[in-house]
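Nothing fancy with the numbering, it's 1 onward along the sequence.
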Amino acid sequence: MDRDASERRVVVGVDGSQSSYDALRWAVRYAGLVGGTVEAVAVWELPGLYGWSGPAVDMDVDEDETRQKMSRELTEALGAATAGSVRTHVVHGNPADVLLRAAEGAEALVVGSRGRGGFARALLGSVSQHVSQHASCPVVIVRSAQQ
């Protein structure tokens with residue numbers, strides 16, 4: 001992820017959950033207020049990838065599918081005009097680690113309170129909790145109105 005040090009970046013994690021869409025909309029509004037740009041980061045990880053054998057899937061296909069899905073979701077959440085102004089990054093790895101690296105030097109890191117997995121009654125998901133404790137920039141955790 002190439003970065004211009006003088007630019008005000010707002011990094012947002014997008015994982016397909018309602019909470020991440022709300023975080024995305026919050027990030028776009030905030031970036032507009034501070035004159036910044038939004039970088040939406042989707043992370044894909046294959047469970048069990050680091051086991052005894054190689055992956056049983058084509059990793060390039062999974063990345064392409066993630067890119068296409070992210071593009072559709074940004075358009076649905078923001079509308080075509082606004083989605084076109086958001087920089088997108090699809091990265092393979094651990095979601096919390098990828099978001100922390102992406103947010104280095106950012107104005108803020110924005111995440112939803114809970115992603116697609118986890119316990120429905122948990123206040124914070126594991127990724128939002130981890131980044132809130134380890135980020136080098138301010139972290140905004142957006143709770144979905146549907147939670």
Side-chain angles (χ1 to χ4, degrees), residues 1-32 36-120 122 124-132 134-137 139-147:
M1 289 179 256
D2 297 329
R3 299 184 181 125
D4 179 357
S6 64
E7 145 181 273
R8 298 180 93 172
R9 296 179 311 112
V10 178
V11 176
V12 58
V14 179
D15 68 359
S17 67
Q18 183 60 47
S19 184
S20 77
Y21 297 150
D22 292 339
L24 176 64
R25 286 186 281 271
W26 193 97
V28 167
R29 286 191 306 271
Y30 180 72
T37 60
V38 176
E39 294 184 5
V41 180
V43 183
W44 64 280
E45 182 176 42
L46 295 174
L49 177 64
Y50 308 104
W52 284 70
S53 64
V57 296
D58 183 348
M59 290 177 60
D60 291 332
V61 171
D62 288 335
E63 184 174 358
D64 290 341
E65 287 176 14
T66 302
R67 280 187 199 288
Q68 292 170 6
K69 183 177 180 186
M70 182 180 191
S71 177
R72 284 190 309 271
E73 290 174 351
L74 289 180
T75 301
E76 289 173 12
L78 300 173
T82 304
S85 69
V86 174
R87 294 180 187 161
T88 60
H89 304 283
V90 175
V91 183
H92 176 261
N94 174 278
D97 293 340
V98 169
L99 289 172
L100 289 172
R101 281 194 310 275
E104 289 175 2
E107 182 79 15
L109 171 59
V110 185
V111 294
S113 60
R114 275 190 301 110
R116 293 176 293 167
F119 300 99
L124 291 178
S126 60
V127 173
S128 57
Q129 184 171 8
H130 186 85
V131 300
S132 71
H134 299 284
S136 60
C137 66
V139 176
V140 177
I141 301 173
V142 178
R143 184 173 170 94
S144 174
Q146 294 182 2
Q147 292 179 349

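For the pair G13 and L99, the tightest heavy-atom approach, listed with the atom from each and the gap, is CA-CD2, 3.8 Å. Here the closest heavy-atom approach between residue V110 and residue A27 is recorded as CG2-CB, 4.1 Å. For the residue pair G112 and S19, the shortest heavy atom distance occurs at CA-OG, 3.0 Å. Closest non-hydrogen pair, V86 versus A40, comes out as CG1-CB, 3.7 Å. Between A31 and V38, the shortest heavy-atom contact is CB-CG2, 3.5 Å. Scanning all heavy atoms of the two residues, the minimum distance from S128 to S113 falls at OG-O, 2.9 Å.
Side chain of S85 to backbone of T82: a donor-acceptor contact under 3.5 angstrom is found.
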List the steps and the verdict of side chain to side chain contact (heavy atoms under 4.5 Å, CB included) for H92 and T66. CA-CA 10 Å; H92 176 261; T66 302; over 6 Å; no
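For the side-chain contact (heavy atoms from CB on, under 4.5 Å) test, residues two or more places apart in sequence or in another chain that qualify with R25 are Q18, Y21, D22, R29, A77, L78. Judged as a side-chain contact (heavy atoms from CB on, under 4.5 Å), and not counting sequence neighbours, the contacts of T37 are E7, R9, R87. T75 meets the side-chain contact (heavy atoms from CB on, under 4.5 Å) test with A80, A83; sequence neighbours excluded. A search for salt bridge (charged side-chain N to carboxylate O under 4.0 Å, His left out) contacts involving R72 returns nothing, not counting sequence neighbours. Evaluation of the side-chain contact (heavy atoms from CB on, under 4.5 Å) rule for A108 yields Y30 as partners, not counting sequence neighbours.
Taking 4.5 Å as the limit, some side-chain heavy atom of H130 sits within range of a side-chain heavy atom of L100.
The distance from atom OG of S132 to atom CG of L109, rounded to the nearest 0.5 Å, is 9.5 Å. Here the straight-line distance linking atom CG of D15 with atom CE of M70 works out to 10.5 Å at 0.5 Å rounding.
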